[in-house]
2 protein chains.
Amino acid sequence: MLNVTLKQLRYAEALARHQHFGRAAAACSVTQPALSAQIKDLETMLGSVLFERGARTLRLTAFGEAFVERVGPILRSVDELEDLARAAQDRLIGRLRIGIIPTIAPYLLPVVARNLTDTFEGLDLHVRESLTSKLLEELAEGRLDTAILALPIGEPGLQEVALFDEEFLLVRPLSDANKPVPPQEALRHMKLLLLEEGHCFRDQALSFCETQAPRPREMLDGSSLSTLVQMVGAGMGVTLIPQMAASVETRSAAVALARFQAPQPQRRVGMVWRRTNPLAEQLQQVAQVVRDTTAAWIAEQAGEVEPV
Amino acid sequence: MLNVTLKQLRYAEALARHQHFGRAAAACSVTQPALSAQIKDLETMLGSVLFERGARTLRLTAFGEAFVERVGPILRSVDELEDLARAAQDRLIGRLRIGIIPTIAPYLLPVVARNLTDTFEGLDLHVRESLTSKLLEELAEGRLDTAILALPIGEPGLQEVALFDEEFLLVRPLSDANKPVPPQEALRHMKLLLLEEGHCFRDQALSFCETQAPRPREMLDGSSLSTLVQMVGAGMGVTLIPQMAASVETRSAAVALARFQAPQPQRRVGMVWRRTNPLAEQLQQVAQVVRDTTAAWIAEQAGEVEPV
DNA sequence: CATCGTGATAAGTTTTGCTTATGTTAAACG
DNA sequence: CGTTTAACATAAGCAAAACTTATCACGATG
């Protein structure tokens, strides 16, 4: 089998340009015999002579001309390849596929997406909104680079980093606004509206209410926090929402927000990725951008709810 | 400077295809450490990881995917390069630029061109018709591969091979058809029509007539043998034409052909090329095709002129 | 917990490729 | 017409690259 090397192609191109072994060799930073040998090897492999050596002239054969004509584009493509690498090595660049759970995505995305694409110029951000289980599956299959969800996950193959903690707030009908905040244990007797099965936020809420066995009879499942809040506004019950959703979701509903006394329910939001992902360092940078973006924002939203 | 090799690109492509170091290595006919090392070197040079190694899974990084996507076309181009060489090595193929002098071209070309393109399938024949001096110049400059002209040339850098010898015939007005053929020395007193300056055939004719100094007064210069013959038919004088031109040029003119007694004037037609031309062997084959084609043809034309 | 699959690493050997020095050939020059 | 010069080929020696075999390390799996 033939075994042409890029070196030979570079030498051949130089020789074609300079029409002179010595100068071509100098241009390639090697000595003339080195270049001569490579050209000779190349010609031997090809079975045809590329260069017609005269005593004082060097000229391409017809075949050599056709050959060199094709060599140029090849070498340029290889150079592009090296450029591609150089462009990618320092900062995160190109496609980043990030999954976010539904109780985070709509609130986090608007403030974070802009900062990410500003920080990482040339970043091609792909976001997928799915339940935790599906995100973890896609992460394992390599169809996602990272995911933002509620910690802990506890998968051994996944690296977890915390982004921020946030409280859960009680959402009541506006008519209840001035009532005292019920203690934790009182919740189990109230009509608690929850997200449908599969949302981790549902489990976290149930956990806080110390309601071991879900009682489907009494709870209407909503497919989004937005729906739940509207249901509360209609007097169908109460619900919990994470703090980051508060200002958005309660703006257009007749509901009142209340903060629980300690122990306050809360969740830890974090980012995960495969431990084997070589973009780990860049993903840490992404995590930091999210942290920086959300830190002030979370605090600001907390101030909107009087501590009751 | 980066120094990516084709070998690395081939290994990377194989690894991307097989998703497995061992199998990719086998496909490349090397051992796994060899392939591993090359991939590692490649990644180090690029400054980015191409493959994400899991314990049981191997997956392309986003960068690796973009990289391999570009590698395919490059490797295919290189393979095409090797195909090009294989196609060219056995027989003459591709462009052949051949120069022919005007007193040969129109007669030789029709019978030879067909035979050449039949013999050398895929031959791309380019013919240039010029005077000897211009042909030699173009040959030296590499703008022609070979030339067919009258020998000898005597250039040290040129290889000469004979193709055939041919007589010069006397062209007289038809009214002179039955007169005896004038002896060589009588020609200098006749009104001899010749080609314009620069044609070697002019010099050869003059040489035969032993007319050292051309006498422009008495000679009208024609730019082609065809014109000369027509002038003879109009009674303006006599001329000489090479045998191969005889049947074509005298068919439509009121002239008579006559063969000289010994010593008959003649010329040797041959082929020349640069000694450094690597196509020498193939050019010898071309010469042989021309010889074979013309041998019978010259003899046949000779029979048309009675030996007087 | 032991085993297996898989890639990384180590040591040793072959191959490649480079450099310096010298040979060869043909054109150019006096 | 012999000498010089230009230019590529060849030779010898050496350094670096690349391959092979053998072994290690690690995580998944039963």
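Numbers restart at 1 for each chain; the letters A, B, ... are given by sequence-line order, proteins then strands.
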For the side chain of B:His20, counting heavy atoms from C-beta on, which of D:dC8, C:dT6, C:dA27 is nearest?
C:dT6
In this structure, how many angstroms lie between the P atom of D:dT10 and the CD1 atom of A:Ile39, rounded?
14 Å
Would you say that more than 12 heavy atoms from the other residues, nucleotides or ligands in this model lie under 6.0 Å from the CD of A:Gln288, or not?
yes
Specify the residue among A:Gln8 and B:Gly54 whose closest nucleotide of DNA chain C lies further upstream toward the 5′ end.
B:Gly54
Between C:dC18, C:dA8, D:dT10, which nucleotide gets closest to the side-chain atoms of B:Gln32?
C:dA8
Applying side chain to side chain contact (heavy atoms under 4.5 Å, CB included) to A:Leu9 and A:Glu13, what does each step give before you reach the verdict?
CA-CA 6 Å; A:Leu9 297 186; A:Glu13 191 188 43; over 6 Å; no
Check the distance between D:dC8's P and A:His18's NE2 and give it to me in whole angstrom.
13 Å
So what does B:Pro33 hit on the nucleic acid, given a heavy-atom distance under 4.0 Å: a base, only sugar-phosphate, or nothing?
base
In whole angstroms, the gap separating P of C:dG7 from CZ of B:Arg59 amounts to 13 Å
Atom pair distance, as rounded to whole Å: CD in A:Glu155 and P in D:dG27:
15 Å
Just how far, in rounded Å, is C1' of D:dA25 from CZ of B:Arg56?
14 Å
Base of D:dA18, side chain of B:Gln38 - is there a donor-acceptor contact under 3.5 Å?
no
note: B:Leu58, atom CG; C:dA8, atom P; distance rounded to Å ~ 9 Å
Ranking C:dG7, D:dA9, D:dT20 by distance to the side chain of A:Arg53, first place goes to D:dA9
Looking only at D:dT5, C:dC18, C:dT20, the nucleotide nearest the A:Lys7 side chain is C:dC18
Before you tell me yes or no, could you show the steps for B:Val272 and B:Glu155 under side chain to side chain contact (heavy atoms under 4.5 Å, CB included), namely the whole-Å CA-CA distance, both residues' side-chain angles and the distance that decides it to 0.1 Å?
CA-CA 10 Å; B:Val272 301; B:Glu155 283 279 341; over 6 Å; no
In the structure I gave you, are the side-chain heavy atoms of A:Val286 and A:Thr146 within less than 4.5 Å of one another anywhere?
no
Scan A:Gly157 against the nucleic acid and name what it touches under 4.0 Å (heavy atoms): base, sugar-phosphate only, or nothing.
nothing
Assuming nearest nucleotide by heavy-atom distance, tell me which of B:Gln19 and A:Ala34 is located more 5' along DNA chain C.
B:Gln19
Contact class for B:Phe51 vs. all strands (heavy atom < 4.0 Å): base, sugar-phosphate, or nothing?
nothing
Are any of the side-chain heavy atoms of B:Leu6 and A:Thr5 separated by less than 4.5 Å?
no
Interatomic distance where CD belongs to B:Glu52 and P belongs to C:dT6 [whole Å]:
17 Å
Rounding to a whole Å, what distance do you find between A:Leu15:CG and D:dC8:P?
8 Å
To the side chain of A:Ala55, which of C:dA26, D:dC19, C:dC18 is closest?
C:dA26
Side chain to side chain, A:Gln282 and A:Phe120, heavy atoms closer than 4.5 Å:
no
Does B:Tyr11 have a side-chain nitrogen or oxygen under 4.0 Å from the phosphate oxygens OP1 or OP2 of D:dC19?
yes
Under 4.0 angstrom, heavy atoms only, what part of the nucleic acid is B:Thr31 near: base, sugar-phosphate, or nothing?
base
